[in-house]
Asker: 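I am attaching a structure below and will ask some questions about it afterwards.
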Protein chains: 2
Amino acid sequence: MEKKRYNAGQVIFNVGDAADGLYLIASGSVGVYFPGNLSSNKPDITLKETEIIGEMGVIDSELRTATARAYSEVDVIHVTKEDFEKKLAETDIIIRGVVAVLSDRLRQLQKRRVGQN
Amino acid sequence: MEKKRYNAGQVIFNVGDAADGLYLIASGSVGVYFPGNLSSNKPDITLKETEIIGEMGVIDSELRTATARAYSEVDVIHVTKEDFEKKLAETDIIIRGVVAVLSDRLRQLQKRRVGQN
């Protein structure tokens with residue numbers, strides 16, 4: 001796990017990037033932009049301190065489905081895929097199942113949403 | 001945790017019900033119906049053995065956002081909210097954060113989807 005700082009407007013990851021882990025926001029706010037809204041200044045979702053971004057890519061090895069940019073100056077804790085997978089392997093089977101099912105359903109709904117744009 | 005059996009067509013839970021836990025499907029298949037499709041015979045999602053239903057209500061105490069009906073005869077393992085919360089409390093903080101964020105995003109996307117119907 002590693003602390004990283006981004007300036008306002010700086011890209012944390014782009015849609016289509018390989019997943020390199022998740023980010024826990026330590027301070028500041030991050031904008032999330034879905035396809036169809038990638039060059040907008042108005043994020044689809046704005047996330048702040050203690051919230052997590054990039055969790056989807058970590059869970060199922062697919063590519064990033066959204067772009068994340070620093071909305072203000074932000075500090076994040078980067079949890080690599082290896083860190084995350086080790087934690088998940090030590091987790092109860094029901095919790096692991098819930099993580100898997102939430103991830104699958106979210107990706108299905110996002111795909112339908114992209115299809116509607 | 002308790003094993004329960006449902007006959008084809010029998011309701012496991014209805015949209016708007018208080019959440020009474022999640023269900024791990026042990027055998028058979030379950031149809032999930034979102035608002036706008038509640039009286040249909042064609043489920044929005046069909047889930048089978050080893051998959052989980054009802055996880056949303058367990059995580060954040062809101063009411064069921066979909067109806068689940070047995071699609072064939074099904075056996076499920078019912079994990080109560082108390083069982084689940086005990087498991088979650090024993091789980092690593094990053095995993096807990098991921099469960100929370102996946103749950104929030106899914107609910108946001110489902111709300112938008114309902115708004116489009």
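None of these values were measured; they are calculated from a predicted model. Only this structure's heavy atoms are used, side chains among them; waters, hydrogens and symmetry mates stay out. Each chain gets a letter, A, B and so on, in the order its sequence line appears, and its residues count up from 1.
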Asker: Output the distance between atom CG (A/Asp92) and atom NZ (B/Lys87), rounded to the nearest 0.5 Å.
Answerer: 3.5 Å
Asker: So, taking the atom named CD1 in A/Ile94 and the one named CD1 in B/Ile77, what distance separates them when rounded to the nearest 0.5 Å?
Answerer: 8.5 Å
Asker: Same cluster or not: B/Met1 versus B/Phe84, using hydrophobic residues (I, L, V, M, F, W, Y) connected whenever any side-chain heavy atoms lie under 4.5 Å apart?
Answerer: yes
Asker: State, with a plain yes or no, whether a side-chain heavy atom of A/Leu102 is found less than 4.5 Å away from one of B/Glu55.
Answerer: yes
Asker: Assess whether atom NZ of A/Lys4 is packed by more than 12 heavy atoms of other residues, nucleotides or ligands within 6.0 Å.
Answerer: yes
Asker: Restricting to non-hydrogen atoms, name the atom on B/Ile52 and the atom on A/Val101 that form the minimum distance, rounded to 0.1 Å.
Answerer: O-CG2, 3.6 Å
Asker: Side chain from CB out, backbone as N, CA, C, O: work out which of these in B/Val98 comes under 4.5 Å of a heavy atom of chain A, or both, or neither.
Answerer: both
Asker: As an exercise, state the distance from CZ of A/Arg96 to OG1 of B/Thr91, rounded to the nearest 0.5 Å.
Answerer: 11.0 Å
Asker: Quick check on B/Tyr33: does its OH atom have over 12 non-hydrogen neighbours (other residues, nucleotides or ligands) under 6.0 Å away?
Answerer: yes
Asker: So for B/Val79, is it side chain, backbone, both, or neither that comes closer than 4.5 Å to the heavy atoms of chain A?
Answerer: side chain
Asker: Return the CG to CG distance between A/Asp104 and B/Leu106, rounded to the nearest 0.5 Å.
Answerer: 10.5 Å
Asker: Taking a hydrophobic cluster as the set of Ile, Leu, Val, Met, Phe, Trp and Tyr residues connected by side-chain heavy atoms closer than 4.5 Å, whether directly or through intermediates, do B/Ile12 and B/Tyr71 fall within one such cluster?
Answerer: no
